[in-house]
Amino acid sequence: MTLQTTDAELVQIFQETKTIALIGASLKPQRASHYVGQFLADLGYRVIPINPGHAGEALFGETIVASLKDIDDPSSVDMIDIFRRSDLIPEIVDEAMDVLPNLKTVWMQLGLENASAAQKASGAGIMVVQDKCPKIEYPRLDSAGLIKDLAS
């Protein structure tokens, strides 16, 4: 069973989210994890890039950290945006649920789904988005007039 996210739920996510941990962030501008992260940062979200190979470098106006455990203020993170293989998602979601006390949304990018991780997060009251991209969904919802005031 695949959990489907409604447009109303997506609007709620975009309006209530303030800080996003972007897992699998890339310094390469041609990579989706880079331009999606930049898009979100340009909208006014705080985007914390996660990539162990580039920890300490700067991206999206933030310092890249190696893992979710390395985020300075884990209670500030509302959402994780996952750019990693589907088979790695369960351990990412487990770690996020362990170290991010105010996690409200688990977002799996286009092409990414994991039923067990989605079920676990959803069962804990966390909104789950699978196989969607915020850089596609936000403009679509905004052009339909569904996004009123983006909280930033």
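Remember, predicted model here, so these are calculated numbers, not experimental data.
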* Asked: Do Pro139 and Phe39 come close enough that some side-chain heavy atom pair is under 4.5 Å?
  -> yes
* Rounded to the nearest 0.5 Å, how far apart are CZ of Arg84 and CG of Leu112? -> 10.5 Å
* Structure fact -> Nearest heavy-atom contact between Tyr35 and Lys135 is CD1-CD, 3.8 Å
* **Where Asn114 and Ser86 come nearest, the two heavy atoms and their spacing** => ND2-O, 3.1 Å
* **Those residues that, when tested against Asp94, pass salt bridge (charged side-chain N to carboxylate O under 4.0 Å, His left out) (two or more places apart)** => Lys120
* For residues Pro74 and Val77, determine if any side-chain heavy atom of one lies less than 4.5 Å from a side-chain heavy atom of the other. => no
* **Non-hydrogen atoms of Ala124 and Met97 that approach each other most closely** => CB-CE, 3.4 Å
* To do: Determine the minimum heavy-atom distance between Val47 and Gly37, stating which atoms define it.
  => CG2-O, 3.8 Å
* Structure fact -> Here the gap from Thr5 atom OG1 to Ile13 atom CD1, rounded to the nearest 0.5 Å, amounts to 6.0 Å
* Look up atom CG in Leu68 and atom CD1 in Ile48, then write down how far apart they are to the nearest 0.5 Å. => 9.0 Å
* With rounding to the nearest 0.5 Å, note down the distance linking CG in Asp7 to CG in Leu141. => 5.0 Å
* Asked: Is there a donor-acceptor contact under 3.5 Å from the side chain of Asp81 to the main chain of Leu22?
  -> no
* Structure fact -> All heavy atoms of Ile80 vs all of Ala96, minimum pair found to be CD1-CB, 3.8 Å
* **Residues Asp78 and Lys104 bridged, charged N to O under 4.0 Å** => yes
* For Arg140 and Ser143, which heavy atoms make the closest approach, and how far apart are they? -> O-OG, 3.0 Å
* Test Asp72 against Thr63 for side-chain contact (heavy atoms from CB on, under 4.5 Å), laying out the working first. => CA-CA 10 Å; Asp72 284 342; Thr63 300; over 6 Å; no
* Asked: Any side-chain heavy atom of Glu137 sitting closer than 4.5 Å to one from Val129?
  -> no
* Structure fact -> side chain to side chain donor-acceptor pair (under 3.5 Å) filter on Lys132, not counting sequence neighbours, yields none
* Asked: Would you call Asn51 and Ser26 a side-chain contact if the rule is heavy atoms closer than 4.5 Å?
  -> no
* Tell me, which pairs form a ring-ring contact (aromatic ring centres under 6.0 Å, His included) where one or both residues lie in residues 56-110, sequence neighbours left out? -> Phe14-Trp107, His34-Phe60
* To do: Answer whether the closest heavy-atom distance between the side chains of Leu27 and Ile64 falls below 4.5 Å.
  => yes
* Could you give me the CA-CA distance, side-chain angles and deciding distance for Val128 and Gln119, then say whether side-chain contact (heavy atoms from CB on, under 4.5 Å) is met? => CA-CA 9 Å; Val128 176; Gln119 208 65 40; over 6 Å; no
* Asked: Are Thr17 and Leu40 side-chain neighbours, meaning at least one heavy-atom pair lies under 4.5 Å?
  -> no
* Asked: Stepwise, does the side-chain contact (heavy atoms from CB on, under 4.5 Å) test hold for Ile50 with Ile71?
  -> CA-CA 9 Å; Ile50 314 287; Ile71 294 172; 4.0 Å; yes
* Structure fact -> Value for CD1 (Ile147) from CD (Gln12), rounded to nearest 0.5 Å, stands at 12.5 Å
* Structure fact -> The reported gap from CD1 in Ile20 to CD in Glu62 (rounded to nearest 0.5 angstrom) is 11.5 Å
